[in-house]
**Student:** 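Here it is, the structure, as structure tokens.
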Amino acid sequence: QVQLVESGGGLVQPGGSLRLSCAASGFTLDYSAIGWFRQAPGKEREGVSCISSNAGTTYYADSVKGRFTVSRDNAKNTVYLQMNSLKPEDTAVYYCAADRFYINCRTGAMDYWGKGTLVTVSS
């Protein structure tokens, strides 16, 4: 069965760093664009980052630009989100999602979604 599993979330102090991983099973990520999204309690889901299948194109939301870096290792069937200089407002459940088409990452209409991993930024 197609599955995406996020890992790497946890509690971190403001200014700290975390690296999230998104591992795929049931399919390979070679031909998929990957998006990272997040949702804080009581708020709508928002797009965080996108990366194309060949990593030639990336996107970052203004709120994370310069602090987050998305990357992928297709040989490991895994995508990463390196999060630096974390702020309390980054607290959310982070989801990865996959789709054949990069444009769907920009719109949020992704075919496959993980269950999310919680990131809490607090002192």
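Just so it is clear, the model here is predicted, and its values are computed rather than measured.
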**Student:** Ignoring hydrogens, what is the shortest heavy-atom contact between S122 and P14? Give both atom names and the distance.
**Tutor:** C-CD, 3.6 Å

**Student:** State the CZ-CE distance between R19 and M83, to the nearest 0.5 angstrom.
**Tutor:**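 Going from CZ on R19 over to CE on M83, the span is 11.5 Å.
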
**Student:** Scan for ring-ring contact (aromatic ring centres under 6.0 Å, His included) pairs involving residues 82-120, sequence neighbours excluded, and state none if there are none.
**Tutor:**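 Every pair satisfying ring-ring contact (aromatic ring centres under 6.0 Å, His included) with a residue in residues 82-120: F27-Y112, F37-W113.
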
**Student:** Donor-acceptor pair, T91 side chain versus V121 backbone, under 3.5 Å?
**Tutor:** yes

**Student:** Given the rule in the side chain to side chain contact (heavy atoms under 4.5 Å, CB included) test, do D111 and R100 qualify, once you have shown the distances and angles that lead to the verdict?
**Tutor:** CA-CA 8 Å; D111 283 340; R100 182 175 179 181; 5.6 Å; no

**Student:** Going from OG1 on T78 to CD1 on I34, what distance comes out if it is rounded to the nearest 0.5 angstrom?
**Tutor:**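 Spacing of OG1 (T78) from CD1 (I34) equals 10.0 Å.
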
**Student:** Can you hop from V119 to Y60 via hydrophobic side chains spaced under 4.5 Å?
**Tutor:**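 Both belong to a single hydrophobic cluster.
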
**Student:** Taking N77 for the side chain and L29 for the main chain, is one N or O donor matched with an acceptor at less than 3.5 Å?
**Tutor:**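 Indeed, once roles are kept as given, a pair shorter than 3.5 Å links the two residues.
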
**Student:** For R72 and D30, work out which heavy atoms get closest and say how close.
**Tutor:** NH2-N, 4.5 Å

**Student:** Hey, mind stepping through C96 and V79 against side chain to side chain contact (heavy atoms under 4.5 Å, CB included) and telling me if it holds?
**Tutor:** CA-CA 9 Å; C96 69; V79 174; over 6 Å; no

**Student:** For residues V70 and L18: do they belong to one hydrophobic cluster (side chain heavy atoms under 4.5 Å, members Ile, Leu, Val, Met, Phe, Trp, Tyr)?
**Tutor:**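 V70 clusters together with L18.
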
**Student:** Would you check if V64 and R38 make a side-chain contact, meaning some heavy-atom pair closer than 4.5 Å?
**Tutor:**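 A side-chain contact under 4.5 Å exists here.
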
**Student:** Decide, yes or no, whether a salt bridge links K87 with D90 under the criterion of side-chain N to carboxylate O below 4.0 Å.
**Tutor:**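 A salt bridge is absent here (no side-chain N lies under 4.0 Å from a carboxylate O).
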
**Student:** Going by an N to O cut-off under 4.0 Å, is there a salt bridge joining E6 and K115?
**Tutor:**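 The answer is no: the pair does not qualify as a salt bridge.
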
**Student:** Please report the closest heavy-atom contact between C105 and G35, naming both atoms and the distance.
**Tutor:** SG-CA, 3.4 Å

**Student:** I'd like to check C50 versus R106 (side-chain heavy atoms, cut-off strictly below 4.5 Å). Are they in contact?
**Tutor:** yes

**Student:** Report yes if the side chains of S7 and T117 come closer than 4.5 Å at any heavy-atom pair, otherwise no.
**Tutor:** no

**Student:** How many angstroms lie between atom OG1 of T57 and atom CD1 of I51, to the nearest 0.5 angstrom?
**Tutor:** 9.0 Å

**Student:** What are the two closest non-hydrogen atoms of N74 and S53, and how far apart are they?
**Tutor:** ND2-O, 3.4 Å

**Student:** Do you know which two heavy atoms are closest between S17 and N84, and how far apart they sit?
**Tutor:**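 Heavy atoms of S17 and N84 come nearest at OG-OD1, 2.9 Å.
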
**Student:** I'd like to know if F68 and W36 are part of one continuous hydrophobic network [Ile/Leu/Val/Met/Phe/Trp/Tyr, side-chain heavy atoms within less than 4.5 Å].
**Tutor:** yes

**Student:** With a 4.5 Å limit on heavy-atom distance, are the side chains of S49 and T58 in contact?
**Tutor:** no

